[in-house]
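All remarks here apply to the structure that follows.
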Amino acid sequence: MDTSQIQTTNVSTVNNRTGLKSRNKVFKVLRTYPMILVGGLMVFTLLLIAIFAPLIATHNPITQYPTGISDIGAPKGPNSEFIFGADSIGRDVFSRVIYGTRVSLEVGIFASLISLFIGVTLGVVSGYFGKWVDMVIMRITDTMLAFPFLLFVIALVAVLKPSITNVFIAIGVLGWAMMTRIVRGEVLKVKELEYVQSAKALGASNFVIIFKEILPNVVAPVIVMGTLLVGQNIMLEAALSFLGIGIQPPTASWGNMLQDGMNTYQIAPWLIYLPGFALLWATLGFNLLGDGLRDWLDPTVGN
Amino acid sequence: TGTDSKGTTKGNDGEAVKGGKINIDMSADFSHLDPAMCYDFGCYEVVTQFYNMLVTYEPDSTKLVGSAAEEFNISDDGLTYTFKLKKGVKFHNGTEMTAQSFIDEFKRILDPEVGSPGKGFIDPLVIGSTDFSEGKAKEISGITAPDPYTLVIKITEPQGTFLNVLAMPFFPAIDKQYVDSIGNKEFDHKPMGTGPWKLKSYNTGKDMVLEKNADYFVAGFPKLDEITITFEKNAQSSALKFKQGDTAFIGWNQLIGSSDFIQFQQDSKYKDLLQSQTLVSTYYLALNNQVKPFDNKLVRQAVNMAIDKEKLVKLNNGRATATNQILPPDMPGYQKDLPAEVDYKFNKEKAKELLKEAGFADGFKTTMLTTSSDQATKEAQSIQSDLKEIGIDVEIRPLSGSSYSDGARSLKYGMVSTAWFQDYPDPSNFLDVLLNGSEVPANNWAAYNNPVVNDMLKKASTLSPGQERWAAFSEIQLEVLKDAPWVPLYTPVRYAIVQPWLKGFYQHPVWMDPLQNISVTKH
Amino acid sequence: MTEALLQVKNLKKYFPIKKGILQQTVGHVKAVDNVSFTVNKGETIGIVGESGCGKSTTGKTILRLLEPTDGEIIYKNENLASLSASKLKEYRKEMQIVFQDPFSSLNPRYRIGRILERPMEIHNLYTKKERKQKVAEILQKCGMDPSAVNKFPHEFSGGQRQRIGIARALTLNPNLLILDEPVSALDVSIQSQIINLLEDLQDEMDLTYLFISHDLSVVRHISDRILVMYLGQMFEMSETMALFKEPLHPYTRALLSAIPVHNPTEKRERIVLKGDLPSPSNPPGGCVFHTRCPSAMDICKQVKPDWKQAKDGHFVACHLY
Amino acid sequence: MEKPLLDISNLKVSFKSDGTYLNALSGVNLSIYPGESVALVGESGCGKSVTSLSIMRLLKANAKVEGQISFNGKNLLSLGTKEMRKIRGQDVSMIFQEPMSALNPVIRIGDQIGEPLFLHEKLTKRQIKTRVLELLRLVGIARPEEIYREYIHQLSGGMRQRVMIAMAMACKPKLIIADEPTTALDVTVQAQILDLLRNLQKENNMALLLITHDLGVVSEMCERAAVMYAGKIVEESTVDTLFNDPRHPYTKGLISSIPKLEGERNRLKPIPGNVPSLANMPQGCRFAPRCEFAMEQCIHQEPSYMAINKKTSVGCWLERGNNDDRSTATS
Amino acid sequence: MAAYLVRRILGAFIVLIGISIITFIIAYAVPGDPVRTVVGEKASPEVVEQVRHTMGLDRPVYVQYFSYLNRLAHGDLGFSYYNNQPVTHLISERFGATAVLALSGWAVEIIIGIPLGLLTAVYNRKITDYILSSLAIIGISLPTFWLGMWFIYNISYKMGILPIGGSGDIKNLILPSLTLGIVGAAYYQRLVKTSMLEVFSQDYIRTAHANGASSLRVTFRHGFRNGVIPAVTYAGMDIAFLMGGVVITETVFNYPGIGQLAMQSIQHLDVPVIMATVLLSAICVVVMNFIVDILYFLIDPRISIS
Ligand SMILES: Nc1ncnc2c1ncn2[C@@H]1O[C@H](COP(=O)(O)OP(=O)(O)OP(=O)(O)O)[C@@H](O)[C@H]1O
Ligand SMILES: Nc1ncnc2c1ncn2[C@@H]1O[C@H](COP(=O)(O)OP(=O)(O)OP(=O)(O)O)[C@@H](O)[C@H]1O
Ligand SMILES: [Mg+2]
Ligand SMILES: [Mg+2]
């Protein structure tokens with residue numbers, strides 16, 4: 001036999017999706033894709049705020065302080081007691097925004113997880129098994145995509161009665177269609193790859209092929225999509241709350257705070273500054289993170 | 001007697017201009033334009049512009065005077081009502097109004113096909129109404145027209161408020177031929193009556209244009225040529241439009257938004273343009289008297305004492321006065337000074353004691369149904385936090401439209417935050433309608449059923465309007481308050497803001513606002 | 001005496017062409033049409049032909065990676081074509097496939113160790129420890145350092161990946177290896193390394209190869225017998241040296257003459273075929289090659305030639321013989 | 001002797017990646033004379049395409065190019081964008097490997113072929129069309145009128161490559177660079193295309209730079225050939241000499257590692273190891289780690305590239321002792 | 001092409017059936033009694049039952065569904081429970097308004113989005129790209145209702161240039177369509193940028209350069225058409241987005257369209273109208289998708305064959 005020296009040189013077309021081990025590589029990715037860094041930091045601060053909300057908040061978010069409103073019911077502006085002012089029934093805006101972070105993240109993340117779960121399951125089944133299964137699932141997906149999403153969610157929340165659980169159930173249960181499409185497309189691509197064919201030739205069952213060979217390779221688009229979904233869902237919750245069918249009081253959510261603020265912003269603009277900023281921060285953070293991840297993970301985006 | 005007279009306005013001194021057009025906003029589209037179907041404040045406002053009832057209220061008072069009727073007469077036994085109609089009154093299409101025009105509307109109200117909510121007001125009270133509605137008779141035997149300008153209505157037992165009932169917008173003159181030609185459903189959005197205004201155009205959900213009825217039977221009215229009503233759901237936008245001088249007034253069932261009201265009040269430019277009117281209405285919290293823990297009187301009293309009504313007034317920007325009883329101040333039978341034992345004053349300590357006594361030292365959990373408007377949720381949250389202080393955990397359940405009323409009727413909720421506005425100025429409209437055991441669950445959302453009270457109500461209803469009747473109802477109210485079935489919260493004060501160049505605007509305590517009285521001055 | 005390991009009889013694989021409103025099948029791509037041959041133990045059969053002629057499909061159908069439309073695949077007296085999935089699993093250990101593209105043949109998510117242990121996991125063979133040992137052994141055999149187990153596929157060059165791909169195919173000790181253009185994507189200097197490796201492994205492990213390639217020089221080098229395919233059909237089959245010495249089918253001749261020879265001194269006469277490969281969904285009638293055949297006769301347009309033995313062990317489907 | 005049409009001297013190209021520059025080409029020298037056909041052979045990644053793209057100045061923005069490429073006396077590397085544009089498609093044109101992706105899927109074939117004519121020759125639309133039809137016929141397309149209106153996906157692989165050739169021929173350039181024009185094609189089609197290309201080149205007396213990794217193609221098509229390894233030309237010679245008397249161990253290795261089509265089937269003699277990556281270039285001779293003749297010197301010092309006789313230049317320490325005429329090639 | 005069309009129509013039809021089933025289920029599950037909405041709060045139980053029967057609401061679900069389908073097929077959407085108007089009338093009045101709004105919102109998206117996409121692609125990783133892309137991503141992250149309120153307060157009220165909400169005039173359309181379009185514009189920007197970048201890396205772009213075409217010509221003649229194809233595909237789905245977006249925009253601007261009607265009917269549990277608005281919006285999406293597919297056909301010659 002030949003005495004070929006085996007040196008493991010890096011092939012120049014390095015597929016940098018995997019095997020991030022060393023710290024150097026992390027830094028490299030962050031340097032090349034600053035959006036991941038910025039978005040990630042923004043999201044990270046939100047997570048910290050959500051976790052440590054009781055420590056950060058200065059007031060009880062649902063207590064109505066008599067000092068918060070004037071004699072004719074006008075909310076008090078920022079002052080030494082309420083640093084970002086009080087709302088129209090005398091609650092501390094700052095503390096509510098802090099606690100609202102929890103709600104927004106909860107809705108954003110849980111709803112996305114539901115969508116992800118349904119979307120990935122259907123997408124994999126549809127893409128992998130093809131034929132009539134695919135036909136049926138894709139028709140349902142088309143149908144879902146034909147619905148004006150917001151309208152549909154509104155109708156469903158109205159049916160389910162607004163509550164935090166129902167909001168994320170409605171958003172999550174209705175929001176899977178796009179995910180299904182993406183995952184299906186990805187599965188169709190991966191399915192034909194030779195390592196999947198090899199696994200088949202080795203006698204692997206469908207279960208093993210799906211879970212061990214295919215799923216790990218659709219993780220990247222799912223993560224990207226999932227991140228973007230969280231941002232979208234946070235916005236959606238706010239929109240629902242703005243229309244009065246989202247998170248119900250006294251629970252604070254940025255959306256219902258904004259709604260409250262919208263009615264009074266001419267005399268109490270501080271009611272929309274902070275929650276609006278928080279909402280922008282969150283959606284921006286998740287969008288940046290998602291976009292960054294996409295640039296990094298999705299080779300079809302030219303760079 | 002003249003039906004319409006000058007309005008009581010303040011500060012509008014300019015010289016009135018003949019004719020002219022104005023724009024106003026309305027917070028929502030009208031539910032119905034068919035008088036037989038209309039039973040809410042919104043549509044009352046507009047239906048009364050197109051139609052004339054037999055009788056109506058004098059401006060700024062609760063006195064009934066003839067409208068389409070020239071004069072009327074009630075027999076001594078209180079069972080026969082005779083109306084002499086005005087002659088030469090024409091519908092907008094030129095047909096003449098006769099007594100039959102009213103009979104036709106009564107028939108429509110009783111017709112199950114139409115499904116009118118006004119039916120209960122005359123069936124079975126009017127003789128022959130039930131037979132007609134069940135299809136056993138072709139005519140309502142109790143309503144006759146001896147001649148085209150005379151209408152006679154006979155009722156089965158004396159009813160002090162029957163004339164008030166007839167003033168409700170259910171019972172105007174209609175042109176049956178017209179209704180038949182377009183059908184009941186079309187009629188609901190193509191109104192045609194004898195009223196001061198004609199419908200010029202109507203874009204559902206968008207706007208409605210009213211046009212002067214030049215042949216209106218009261219000479220000189222209406223004063224304006226045209227009124228454009230825009231449905232503007234956004235209160236702030238409405239306020240901005242008013243500030244820009246685009247709209248003539250905010251009122252007429254359009255509430256001034258909370259922050260806009262504060263702004264108007266704080267701005268000297270607008271402060272003087274505000275007009276106010278205390279409504280004959282009570283906002284209250286109906287406690288479910290039949291279900292634990294509110295079946296316990298002590299608990300109900302505790303809740304009565306736990307709620308800070310002044311805070312609610314504050315949340316209404318002062319556009320309300322706290323109240324301690326069922327009848328509103330402007331309703332006969334109202335008691336200025338309640339006996340101490342039924343005047344539940346705000347007292348958290350006492351409330352806690354009562355709860356303890358009732359066996360709920362640690363409080364309990366309950367639900368509160370409310371409408372989904374911003375103001376309602378604000379107040380609900382205030383009540384929620386008050387009750388929290390005595391240990392009661394309240395879950396707010398805001399519902400809109402008919403899911404709200406269905407919810408209330410289901411008696412599933414511990415508390416319902418609601419309000420009642422008078423249909424007519426008589427205490428029975430509150431005590432009988434809202435607290436009679438026979439009204440559970442239709443209107444009696446507190447599920448309050450006290451045989452003693454029911455009995456007293458039956459007796460009082462036959463009394464004709466006057467001191468005796470008012471006293472009887474005062475007594476009933478005291479009896480009710482002992483049981484504390486409700487928490488009376490406040491009496492609303494309605495504010496309107498009117499451009500300085502507008503003349504003739506006023507707010508009426510019952511419901512009809514005087515669009516035909518309004519005119520503009522040079523500006 | 002040679003012992004037949006695998007017998008392919010009248011194998012057909014048609015892919016439906018769907019068209020119209022309800023996607024009815026309006027025709028078929030006859031990717032493999034009536035292919036029969038026998039593979040003897042220990043030999044290497046080469047399959048050559050131009051792109052799209054059905055080489056890969058033949059290979060995949062034999063392994064039932066594609067369901068055969070018709071025909072028999074007889075292995076150890078068992079017809080694989082009609083075996084149930086669970087029974088098939090047993091035979092899958094004994095036949096393996098190596099693909100062309102070294103970049104898509106390894107799952108980028110797993111380390112090499114995992115990738116090589118997976119086949120044994122699937123078949124529940126050996127303990128964990130034994131598996132690791134086995135992997136190291138095989139890697140060594142394929143000319144790789146055993147330390148490779150801790151690396152990811154992307155850390156290797158194309159040639160190395162192809163070695164790993166071969167190693168994976170060997171973990172289950174197969175008898176038959178289907179090699180679907182295993183060297184086409186590699187550079188010449190690496191290609192020869194792999195070819196040598198394959199030859200060594202064959203000797204060492206007593207393997208039988210079905211070697212698919214479009215590169216005639218490679219096929220010539222490695223095969224004992226060669227099957228020439230065109231548009232899903234068998235055109236010629238013979239012992240390698242015989243075929244190159246005296247190709248019978250006009251297509252084989254053209255194919256041979258079209259190869260650019262890298263020795264400028266031995267310029268040969270070239271037969272340049274006219275036109276392009278016909279569409280496999282709509283092949284010409286008669287002999288499918290008649291549209292491009294320099295020696296086409298009238299009969300070729302009408303009648304499909306039979307598969308016949310023109311010389312000893314030299315089969316051809318052509319009216320010339 | 002005639003002046004070269006194209007003269008590349010000491011061409012260095014490096015790509016910026018992660019802040020550092022990787023040398024893809026480190027000093028390439030190559031000349032092409034008018035009407036001559038020259039092959040550039042080498043394994044994948046050795047820099048063949050980079051060389052061709054540098055001539056056209058079509059490298060990506062992350063490339064740094066040094067050295068000199070003179071074409072007809074002009075240094076292409078110092079031309080303005082506008083002047084360079086005039087040369088592209090008119091004086092020098094290119095044929096790419098994958099006609100399917102190198103042609104625009106949404107522009108009609110006729111319009112694409114007409115593009116260089118439109119850009120460089122002041123012709124009317126009708127004139128362009130006539131010329132395009134002529135070109136289509138020239139490259140052996142049977143139904144030019146129809147094909148003119150069709151799109152690229154409607155053609156077979158061979159036809160597409162013919163279209164590519166027609167487009168490259170449109171302005172009768174002095175030099176055509178064909179970057180692996182037949183790699184994507186089947187052997188029988190490849191033979192047709194090579195025939196066509198050779199004939200057109202001869203008839204129009206154009207110079208041809210043929211890039212390929214297939215030594216067979218080289219011997220059939222070209223007069224001269226240059227062998228590249230890891231960003232350098234290691235040997236250059238006439239085709240006959242190159243095959244019969246390869247000098248560089250790499251060239252020898254290449255030739256011996258290819259299975260023969262004739263004669264005995266002997267065991268192949270592969271070149272051991274792998275092509276080094278750009279980031280890990282060996283210091284001395286780049287081929288040293290794989291070279292069976294490697295000496296101490298090879299590992300430390302890069303051999304210079306020089307002509308060892310009239311026909312051949314080699315960059316190998318082994319040849320230092322036995323070069324025929326001791327003139328070093330342009331460095 | 002004909003077969004493709006028919007198949008496409010068939011597919012769309014199946015989707016429509018799916019839509020009708022889903023809307024029906026939702027409407028059926030709506031809490032509260034629609035009969036009450038019709039007859040009002042105080043009607044007697046007999047009246048309620050009577051009306052329930054007339055409305056056919058006492059029949060089994062599937063019978064109700066099929067009669068619904070049957071009526072649909074005859075273009076009969078029933079009458080609003082809330083105000084008794086024929087639903088077709090309610091919808092047709094508002095549909096035009098919404099269509100105008102959605103289309104102008106779409107125009108805003110295109111007019112802002114595509115040039116931005118082109119610019120950011122051409123100046124990829126340059127300062128222009130960074131600035132414009134940042135703006136775009138902020139645009140995507142902006143809550144629609146916030147933007148709308150901001151416009152009303154600052155542009156309509158403070159500056160007094162444009163009317164505060166309402167409809168009927170071009171002036172009424174400007175702010176709502178900007179609000180609707182700005183968020184979507186950012187999507188187009190991203191889409192066009194991504195696909196243009198991909199196109200720029202394609203071999204045929206290199207070919208165009210090799211032929212001596214200028215950058216401008218390469219971008220527009222060779223790149224643009226390929227680059228906008230994904231944007232065209234997106235346009236179909238975008239309609240679903242716009243139809244959802246109008247709910248908020250119309251609410252904020254008091255613009256009487258389908259979105260407002262939908263919100264209102266959900267609040268009033270006006271089942272026939274809920275069903276009709278959702279159905280109509282979905283039909284719009286299906287039809288637009290269909291049109292987009294045809295457009296796709298015309299732009300991308302590759303598809304017309306396969
Ligand atoms: N899954 C499939 N569906 C439809 N047609 C197919 C499928 N797989 C292959 N074909 C068709 O079958 C024919 C034979 O394909 P196959 O891949 O076997 O060719 P091949 O000889 O391996 O070609 P290559 O040298 O390009 O690998 C081709 O015409 C191809 O288009
Ligand atoms: N834009 C670029 N950025 C970074 N590296 C590049 C770039 N273009 C080419 N390279 C690198 O330059 C080297 C030479 O590439 P080139 O394309 O010239 O190879 P080639 O000889 O044409 O190979 P092939 O036969 O595969 O076409 C390769 O290592 C490649 O990865
Ligand atoms: Mg193949
Ligand atoms: Mg190349």
Handout entry: chain D contact via Ser279(C) - side chain, backbone, both or neither, heavy atoms under 4.5 Å
Key = neither
Fill in the blank from the handout: Only residue of Thr252(C), Val219(C), Leu216(C) satisfying side-chain contact (heavy atoms from CB on, under 4.5 Å) with Phe244(C) is Leu216(C)
Practice task
May I ask you to say whether Glu236(D) pairs ionically with Arg247(D), meaning some side-chain N is under 4.0 Å from a carboxylate O?
Solution key: no
Handout entry: Option passing side-chain contact (heavy atoms from CB on, under 4.5 Å) with Leu242(D) (candidates Glu235(D), Lys311(D), Arg224(D), His248(D))
Key = Glu235(D)
Handout entry: Lys/Arg-Asp/Glu bridge criterion (N-O < 4.0 Å) met for Asp200(C), Arg267(D)
Key = yes
Completion exercise
If one checks every heavy atom of Ile195(C) against chain D at 4.5 Å, the contacting part turns out to be side chain
Exercise for the section: Select one option (side chain, backbone, both, neither) describing which atoms of Glu50(C) are under 4.5 Å from chain D's heavy atoms. Expected result: both
Problem - Top of Ser156(D), Gly140(D), Ala142(D) for chain C proximity - count of heavy-atom pairs under 4.5 angstrom - result: Ser156(D)
Problem - Top contributor to chain D contacts, counting heavy-atom pairs under 4.5 Å, from Leu273(C), Val188(C), Thr240(C), Leu186(C) - result: Val188(C)
Problem - Side chain, backbone, both or neither of Val218(D) within contact of chain C (heavy atoms, under 4.5 Å) - result: neither
Practice task
Taking the side chain as every heavy atom from C-beta outward, state whether Met205(C) and Lys141(C) have any atom pair closer than 4.5 Å.
Solution key: yes
